[in-house]
Amino acid sequence: MSDPLDQSIDHIKGIGVARATRLREMGLTKVRDLIEYFPRRYQFEAEEMPIADLQADQIHTVRGEISACDYLRGARGGRFEATLTDDTDSLSLVWFNASWLRGKITPGMKIRVRGKVKFFRNLPQMANPNWQAIDDETPMVEESKLRPIYPATADMPSATIEKVFEKIIDDAAGQMSEWFEPSLREKNRLISRPEAYKKIHHPATYADAYSAHRRLVYDELMLLQLGLGMARRKRGDRLSAPVVRVDKLLDERIRKRFGFELTNAQRRCAFDIVRDMQSGNAMNRLLQGDVGSGKTAVALYAMLVAIANKLQAAILAPTEVLAEQHFLNISRFLASSGVNVALFTQRTKKGNVALREMLAEGQVHIAVGTQALIQGDIDFANLGIVVVDEQHRFGVRQRATLKEKGLSPHYLVMTATPIPRTLALSFFADFDVSTINELPPGRQVIETTWLRRDQAAKAYDLVKREVKLGRQAYIVVPKIDDTGLQEADVASLDKLFETLSSGPLRSLRLLKLHGRMSSEEKKEIMRAFRDREADVLVATTVIEVGVDVPNATIMLIESAESFGLAQLHQLRGRVGRGSDQSYCVLLSDAPTQDAADRMRTMVETSDGFELAEADLKMRGPGDFFGTRQSGLPQLKVADLTQELEMLKVCRDDAQAILKEDPDLAMEKHRALRDEIVRRFGEQLGLAQIG
Ligand code: ADP
Ligand code: MG
């Protein structure tokens with residue numbers, strides 16, 4: 001229990017009360033927090049030397065006095081030139097785009113500069129060197145070294161943090177235990193843990209920093225893989241689920257219900273699902289496929305299999321609008337069958353006592369709702385399968401709730417945001433994955449164009465042209481503030497709606513839709529749009545997922561730079577659902593390089609998987625799933641966009657360890673297990689192991 005790393009920083013000699021307080025304000029309260037406060041990068045600090053000794057193409061540090069300086073006006077900020085002189089020689093300095101240096105560096109001033117030395121006509125020069133003002137007291141840099149640069153605050157500059165580490169790191173590292181056997185470390189050419197912590201904070205060379213980082217990445221990914229492995233075992237051990245029977249007759253009966261032939265990919269996925277549901281163990285499967293690939297059809301297949309086996313099914317959508325959509329689609333699909341479908345939302349929760357009773361008695365076969373459906377005090381008679389739409393979350397809590405009620409269903413999670421390989425190998429390692437990698441026949445590629453604001457007329461003309469041909473359009477407005485205040489979104493929607501309906505789209509019938517409307521209103525508007533009572537639906541991102549109106553052929557996205565790639569792709573997937581050529585128009589002045597990259601990627605790529613990989617690279621995994629993904633553990637050192645190879649190594653190594661010691665119960669694994677529970681226990685549902 002008394003792990004030395006859990007010691008409060010207050011008890012460490014040499015930190016001092018004032019500094020300890022500031023560290024605590026930064027969230028660093030224990031030794032363990034401190035040593036895991038890693039440098040963001042390193043700065044090579046070269047030993048100071050006389051100007052006369054400088055060598056070409058080397059990074060050098062020198063100090064001296066400014067003997068002259070000059071600012072040369074020119075395009076883009078001009079350049080600032082100065083001459084630095086010491087007892088031995090002079091060095092010319094030049095900074096480009098540096099009008100701001102005027103008055104900052106002045107003749108007579110003493111400075112120290114660091115940069116790469118070049119020779120022009122035998123005179124040494126540095127371009128854009130780092131510099132700092134000094135005085136005679138400023139100590140010399142006596143030996144070359146790498147300085148760690150820490151994420152700093154105003155009260156706590158990097159240099160101060162560095163000093164704290166000088167005091168504590170040897171002690172702290174000395175108290176660390178090694179987690180892995182020497183043979184494992186040798187195989188992977190890893191330095192020891194204490195060494196890794198020392199070197200990440202105090203590397204002598206870049207090679208040191210690299211090997212330290214590599215070891216820490218290994219540790220982090222191992223902990224995650226081991227945690228996932230333990231979670232999987234825990235689930236697998238205890239979670240059984242109803243066994244279903246499927247024969248040729250049932251299969252044909254279900255397939256006949258669809259007005260179309262399932263694609264090969266859909267059939268393969270349905271087969272995976274059936275096999276899971278026949279196994280006696282709870283299915284935990286991720287069904288991924290691009291928007292419009294027909295995931296819902298596959299999920300429906302699975303639900304009908306359950307129902308034919310006298311089990312109930314639940315399908316959970318991320319929002320109430322989408323739940324209502326699913327309800328409408330499924331009801332229409334199952335009209336004139338004996339299957340009862342019921343919608344459970346906030347409102348029906350109070351009103352519909354009768355439906356809930358029917359559900360509890362097993363007369364309702366499919367319950368449609370949001371995740372709240374399962375968290376609430378709703379009873380099922382015999383829940384066989386839960387389908388979760390567009391929610392990558394682990395659902396640990398929901399599962400626990402169901403278990404408490406004595407229910408142990410199969411789980412099918414559907415996603416149109418394909419999981420990049422690195423994530424699939426890490427966070428989703430406990431899912432089996434089925435992929436629908438083909439679109440239903442007859443789908444065309446959606447033609448995507450990117451227009452600047454001043455070309456908006458072109459976009460609206462396209463809308464008018466398509467409407468004339470009898471088709472419909474979506475126009476989407478982004479969220480304009482991040483505070484979660486929907487008023488602002490509604491205001492921007494209202495404004496655009498006004499502008500369009502009195503301006504360029506005057507001749508068309510427009511409807512608007514936003515998250516602030518009551519579900520009744522939303523439902524009515526979606527119905528009206530689907531029944532072609534309007535030509536254009538102007539909406540916030542409430543239509544992001546699941547909305548399905550095959551006659552809509554244009555998706556016009558206003559201020560498209562406000563969206564991430566995954567979201568743009570989702571939105572684009574709302575069209576191209578029928579057989580008519582469809583269009584996605586991105587209206588954006590792309591104020592940043594990053595935004596321009598996104599626009600270009602959207603125009604060039606229609607494949608969701610490629611986009612997901614690109615998105616992961618551009619944004620990093622932390623942002624990848626946005627707020628929808630709040631359930632994912634945070635990684636500190638491992639960058640999942642880079643670590644595919646290391647992930648594979650860790651997956652195998654973790655499996656080997658768990659084979660010998662499935663619950664990490666052996667004494668030699670105790671520290672490892674404690675750390676896993678500490679870091680990932682809650683998210684992985686491991687808290688009780690320990
Ligand atoms: P997803 O949920 O993957 O976005 P859906 O299941 O909603 O896709 O299907 C999109 C559209 O394609 C729906 O209108 C659906 O009826 C239709 N569809 C699904 N599978 C097929 C198929 N095999 N052939 C023709 N149309 C299909
Ligand atoms: Mg869908």
Side-chain angles (χ1 to χ4, degrees), residues 259-260 290-294 296 325 328-329 332 416 439-477 493 496-514 522 524-560 563 568-588 599 602-608:
F260 42 74
D290 216 339
V291 274
S293 60
T296 314
Q325 282 258 307
L328 289 178
N329 287 339
R332 208 169 20 204
L439 293 179
R443 289 287 164 73
Q444 9 66 15
V445 174
I446 298 161
E447 205 179 299
T448 303
T449 37
W450 168 25
L451 297 176
R452 310 251 165 201
R453 274 260 109 225
D454 59 15
Q455 300 170 295
K458 237 168 126 177
Y460 300 131
D461 284 346
L462 184 66
V463 169
K464 281 189 278 192
R465 194 193 77 195
E466 284 294 296
V467 168
K468 223 177 233 155
L469 294 171
R471 321 244 156 83
Q472 292 164 285
Y474 299 105
I475 299 182
V476 174
V477 203
L493 180 70
L496 180 74
F497 190 83
E498 277 314 304
T499 316
L500 292 178
S501 50
S502 61
L505 301 183
R506 208 167 27 237
S507 55
L508 308 185
R509 298 168 302 163
L510 273 58
L511 274 178
K512 68 179 156 189
L513 182 73
H514 58 75
K522 283 184 254 179
E524 171 52 21
I525 285 166
M526 281 316 299
R527 186 211 52 77
F529 188 64
R530 193 176 304 114
D531 292 344
R532 305 195 192 181
E533 289 168 21
D535 305 311
V536 180
L537 185 65
V538 186
T540 56
T541 49
V542 287
I543 65 157
E544 186 183 342
V545 254
V547 170
D548 190 5
V549 179
N551 192 49
T553 55
I554 295 199
M555 169 60 65
L556 170 56
I557 304 173
E558 300 269 347
S559 305
F563 299 98
L568 288 171
H569 183 62
Q570 284 282 356
L571 288 167
R572 177 166 63 182
R574 296 307 108 210
V575 296
R577 311 212 125 214
S579 52
D580 298 316
Q581 175 60 52
S582 295
Y583 306 89
C584 173
V585 183
L586 309 167
L587 262 190
S588 173
M599 299 305 121
M602 277 294 290
V603 170
E604 285 161 14
T605 314
S606 57
D607 181 287

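One is the number of the first residue; the rest follow in order along the sequence. Both backbone and side-chain heavy atoms feed into the values below; hydrogens, waters and symmetry mates do not.
Between atom CH2 of residue W450 and atom CD of residue Q455 there is a gap of 10.0 Å, rounded to the nearest 0.5 Å. Note: L493 CG to H514 NE2 = 6.0 Å, rounded to the nearest 0.5 Å. Going from atom CD of Q472 over to atom CG of D580 covers 11.0 Å, rounded to the nearest 0.5 Å. Distance check, rounded to the nearest 0.5 Å: OG of S588 to CE of M602 gives 11.5 Å. One distance of note links CG of D535 with CD of E466; it measures 12.0 Å at 0.5 Å rounding. For the atom pair CG (L462) and CD1 (I554), the distance works out to 3.5 Å, reported to the nearest 0.5 Å.
Residues L587 and R453 form a side-chain contact, since some pair of their non-hydrogen atoms from C-beta on lies under 4.5 Å apart. Contact check for L537 versus M526: side-chain heavy atoms found under the 4.5 Å cut-off.
L511 and A528 make their closest contact through CD1-CB, 4.0 Å (heavy atoms, listed as atom of the first residue, atom of the second, distance). In this structure, T499 and P504 approach most closely via the heavy-atom pair O-CD, 3.6 Å. Summarising the geometry of L556 relative to A459, their closest heavy-atom pair is CD1-CB, 3.9 Å, with the distance given to 0.1 Å. Contact between M555 and V575 at its shortest, heavy atoms only, is N-CG1, 3.8 Å. The nearest pair of heavy atoms linking L505 to I475 is CD1-CD1, 3.7 Å. Contact detail for L496 and V538: the closest heavy-atom pair is CD2-CG1, 4.0 Å.
A side-chain donor-acceptor contact under 3.5 Å links N551 to the backbone of G470. E558 places no side-chain N or O within donor-acceptor distance of the main-chain N or O of L586, the cut-off being under 3.5 Å. S582 contributes a side-chain N or O that, together with a main-chain N or O of G576, makes up a donor-acceptor pair within less than 3.5 Å. Remark: side-chain polar atoms of R509 are paired, donor with acceptor, to backbone N or O of R532 under 3.5 angstrom.
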| Between K458 and D461, is a salt bridge (charged side-chain N to carboxylate O under 4.0 Å, His left out) present by the stated rule, with each step listed? | CA-CA 5 Å; K458 237 168 126 177; D461 284 346; over 6 Å; no
| message | Between C584 and I557, is the side-chain contact (heavy atoms from CB on, under 4.5 Å) condition met? List the steps. | response | CA-CA 8 Å; C584 173; I557 304 173; 4.2 Å; yes
| said: Please evaluate residues D290 and H569 with respect to the criterion side-chain contact (heavy atoms from CB on, under 4.5 Å), reporting the C-alpha separation (whole Å), side-chain torsions for both, the decisive distance (0.1 Å), and the verdict. | reply: CA-CA 9 Å; D290 216 339; H569 183 62; 2.5 Å; yes
| said: Test side-chain contact (heavy atoms from CB on, under 4.5 Å) on M599 and L568; report intermediate values, then the result. | reply: CA-CA 9 Å; M599 299 305 121; L568 288 171; 4.1 Å; yes
| task | Might you work through the side-chain contact (heavy atoms from CB on, under 4.5 Å) test for T553 and Q581, ending with a clear yes or no? | result | CA-CA 7 Å; T553 55; Q581 175 60 52; over 6 Å; no
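Partners of F529 according to the ring pair (Phe, Tyr, Trp, His ring centres under 6.0 Å) rule, which considers only residues two or more places apart in sequence or in another chain, are Y474. Residues that satisfy the side chain to side chain contact (heavy atoms under 4.5 Å, CB included) test with D531, not counting sequence neighbours, are R527, E533.
Relative to the ring axis of Y583, R471 does not place its NZ or CZ within 45° and under 6.0 Å from the centre.
For the pairing with Y460, the side-chain contact (heavy atoms from CB on, under 4.5 Å) check across L508, L500, V585, V536 returns one residue only, L500.
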